[in-house]
Amino acid sequence: MIEDTLRIHKMGESNWLLQWKYTPSQELLYYLLAVKKKLSALYDVEIVHTYTELLIKDVRHTLDVVDVEVRFREIVNSITTVPIKTSTLFRIPVCYDPEFGNDIIEVSNTKKCTISEIISRHTEPIYTIYFMGFLPGFPYLEGLDQRLSIERKSTPRQSVPKGSVAIGGNQTGIYPQKSPGGWHVIGNSPISFFNPTSKPPTPFKAGDVIQFYAIDKQTHIAMKAAFATGSMHIESYQYDR
């Protein structure tokens, strides 16, 4: 049972870490989201989650440490079933031309496959968003074809362009803004994935899913202009698992 693997740690004066000794999986993801939802309904606090953890920040409580831990376990144990998840599927356009995918030729040589094969293997899966992190709006995606698994760069780039789609290790991701990065860039999306003035600032949330599709350079230019003016929006659909 997932709940039997829970470990609780007090972090500083008012933060608590709930940690599950459990292999990351979609089952655990939806369980963590259910726990997070229940905790959020009971405590007006910020809760951050990763693959196997929930960090509960600034918990103000009159109970002593032992009683707080007991209370958290009661809340966790009250979640006996996790409903089948209905989420949002986002279709994300990507131009895989080497002009945008600075590393796609290198990946092709390393993996001993053609660029067309890389595109096919990258666009076929439906990726699950496990959590957001590293950068605001950066989705950690699971589901990469293992034939595209590749070690991260030994020396990270100082500047990865906004919208870059990259692979590193067993994962793929989208850089929502210009930043340093050590993953291999294989393409670029014309969509802006993070706007701090929007509510919410990113369209993605944990539990949603993404599928990429290939576009050419001319379409990338046209789409970028259309997204910038608001005349085009991200394709999204209800996705039932």
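When hydrophobic clusters are built by joining Ile, Leu, Val, Met, Phe, Trp and Tyr residues whose side-chain heavy atoms come closer than 4.5 Å, directly or via intermediates, V48 is not grouped with L28. Cluster annotation: V94 and V160 are assigned to distinct hydrophobic clusters (Ile/Leu/Val/Met/Phe/Trp/Tyr, side-chain heavy-atom contacts under 4.5 Å, transitive). Cluster annotation: F131 and W20 are assigned to the same hydrophobic cluster (Ile/Leu/Val/Met/Phe/Trp/Tyr, side-chain heavy-atom contacts under 4.5 Å, transitive). A single hydrophobic cluster is not seen to contain both I221 and M223; linkage of ILVMFWY side chains at heavy-atom distances under 4.5 Å, directly or through other members, places them apart. There is a path of hydrophobic side-chain contacts, each under 4.5 Å, that joins I8 to L32.
Taking CD of Q218 as the start and SG of C95 as the end, the distance is 8.5 Å to the nearest 0.5 Å. Taking NZ of K38 as the reference point, atom CD1 of I47 lies at 12.0 Å (rounded to 0.5 Å). Atom CZ of residue F90 and atom CD1 of residue I210 lie 7.5 Å apart, to the nearest 0.5 angstrom. The distance from the CG atom of N77 to the CD1 atom of I75 is 10.5 Å, given to the nearest 0.5 Å. Taking CD1 of I234 as the reference point, atom CZ of F193 lies at 5.5 Å (rounded to 0.5 Å). Between the OG1 atom in T123 and the CG atom in D145 there is a gap of 10.0 Å [rounded to 0.5 Å].
Counting only distance, with no hydrogens or angles, the side chain of T229 and the backbone of A225 share a donor-acceptor pair below 3.5 Å. With S40 contributing its side chain and K36 its backbone, the two residues share a donor-acceptor pair below 3.5 Å. Proximity of a side-chain donor or acceptor of S159 to a complementary backbone N or O of P180 within less than 3.5 Å is not detected.
Comment: K153 engages E106 in a salt bridge, judged by a side-chain N to carboxylate O separation of less than 4.0 angstrom.
For residues 128-138, every residue pair satisfying the side-chain hydrogen bond (donor to acceptor under 3.5 Å, both in side chains) rule, not counting sequence neighbours, is listed here: Q26-T128, T128-R241. For residues 156-176, every residue pair satisfying the salt bridge (charged side-chain N to carboxylate O under 4.0 Å, His left out) rule, not counting sequence neighbours, is listed here: D103-R157. Residues in residues 180-190 take part in these side-chain hydrogen bond (donor to acceptor under 3.5 Å, both in side chains) pairs, two or more places apart or across chains: N188-H220.
The two atoms that bring G207 and S87 nearest to each other are O-CB, 3.2 Å, heavy atoms only. The shortest heavy-atom contact between Q171 and L144 is O-CD2, 3.6 Å. Scanning all heavy atoms of the two residues, the minimum distance from P203 to D208 falls at O-OD2, 4.1 Å. Between V45 and D58, the closest heavy-atom pair is CG1-O, 3.6 Å. Nearest heavy-atom pair across P125 and G143 is CB-O, 3.4 Å. The two residues M11 and L55 make their nearest non-hydrogen contact at CG-CD1, 4.5 Å.
Aromatic ring centroids of F138 and Y140 lie under 6.0 Å apart. Ring centroids of Y127 and F212 are separated by less than 6.0 Å, placing the two rings close together.
Within a 6.0 Å radius of CG in D4, more than 12 heavy atoms belonging to other residues, nucleotides or ligands are found. The neighbour count for E151 CD, taken as heavy atoms of other residues, nucleotides or ligands under 6.0 Å away, does not exceed 12. Open room surrounds CD1 on I105; 12 or fewer heavy atoms of other groups in view lie less than 6.0 Å from it.
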| field | side-chain hydrogen bond (donor to acceptor under 3.5 Å, both in side chains) between T114 and S116, worked out | value | CA-CA 5 Å; T114 66; S116 294; 4.7 Å; no
| Checking side-chain hydrogen bond (donor to acceptor under 3.5 Å, both in side chains) for the pair E235/Y237: CA distance, chi angles, key distance, verdict? | CA-CA 7 Å; E235 287 185 59; Y237 308 92; 2.6 Å; yes
| query | L17 and E53: side chain to side chain contact (heavy atoms under 4.5 Å, CB included), yes or no, with the steps? | reply | CA-CA 7 Å; L17 181 68; E53 299 170 330; 4.0 Å; yes
| request: Evaluate side chain to side chain contact (heavy atoms under 4.5 Å, CB included) for S149 paired with Q146, printing each intermediate quantity in order. | output: CA-CA 5 Å; S149 177; Q146 291 306 293; 4.2 Å; yes
| Worked check of side chain to side chain contact (heavy atoms under 4.5 Å, CB included) between L39 and I56 | CA-CA 9 Å; L39 288 168; I56 310 170; 3.7 Å; yes
| request: Give the intermediate values and the outcome of side chain to side chain contact (heavy atoms under 4.5 Å, CB included) for residues Q238 and L89. | output: CA-CA 6 Å; Q238 180 176 301; L89 166 66; over 6 Å; no
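Under the side chain to side chain contact (heavy atoms under 4.5 Å, CB included) test applied with L141, the options I167, V209, I129 reduce to a single match, I129. If you run side chain to side chain contact (heavy atoms under 4.5 Å, CB included) between Y96 and each of I215, I119, D216, only I119 comes through.
Taking 4.5 Å as the limit, some side-chain heavy atom of K217 sits within range of a side-chain heavy atom of F100. Considering only heavy atoms from C-beta on, Q211 stays 4.5 Å or farther from I92 through its side chain. Taking 4.5 Å as the limit, every side-chain heavy atom of T5 sits out of range of all side-chain heavy atoms of Q19. Two residues are said to be in side-chain contact when any heavy atoms from C-beta on lie closer than 4.5 Å; V185 and V165 fail this criterion. Two residues are said to be in side-chain contact when any heavy atoms from C-beta on lie closer than 4.5 Å; I174 and S164 fail this criterion. Under the 4.5 Å side-chain criterion, counting only non-hydrogen atoms from C-beta, P139 is in contact with M132.
In terms of the ring pair (Phe, Tyr, Trp, His ring centres under 6.0 Å) criterion, F194 has no residue partners (sequence neighbours excluded). With sequence neighbours excluded, no residue satisfies side-chain hydrogen bond (donor to acceptor under 3.5 Å, both in side chains) with K111. Listed by chain and residue number, nothing satisfies the side-chain hydrogen bond (donor to acceptor under 3.5 Å, both in side chains) test with R121 (two or more places apart in sequence, or in another chain).
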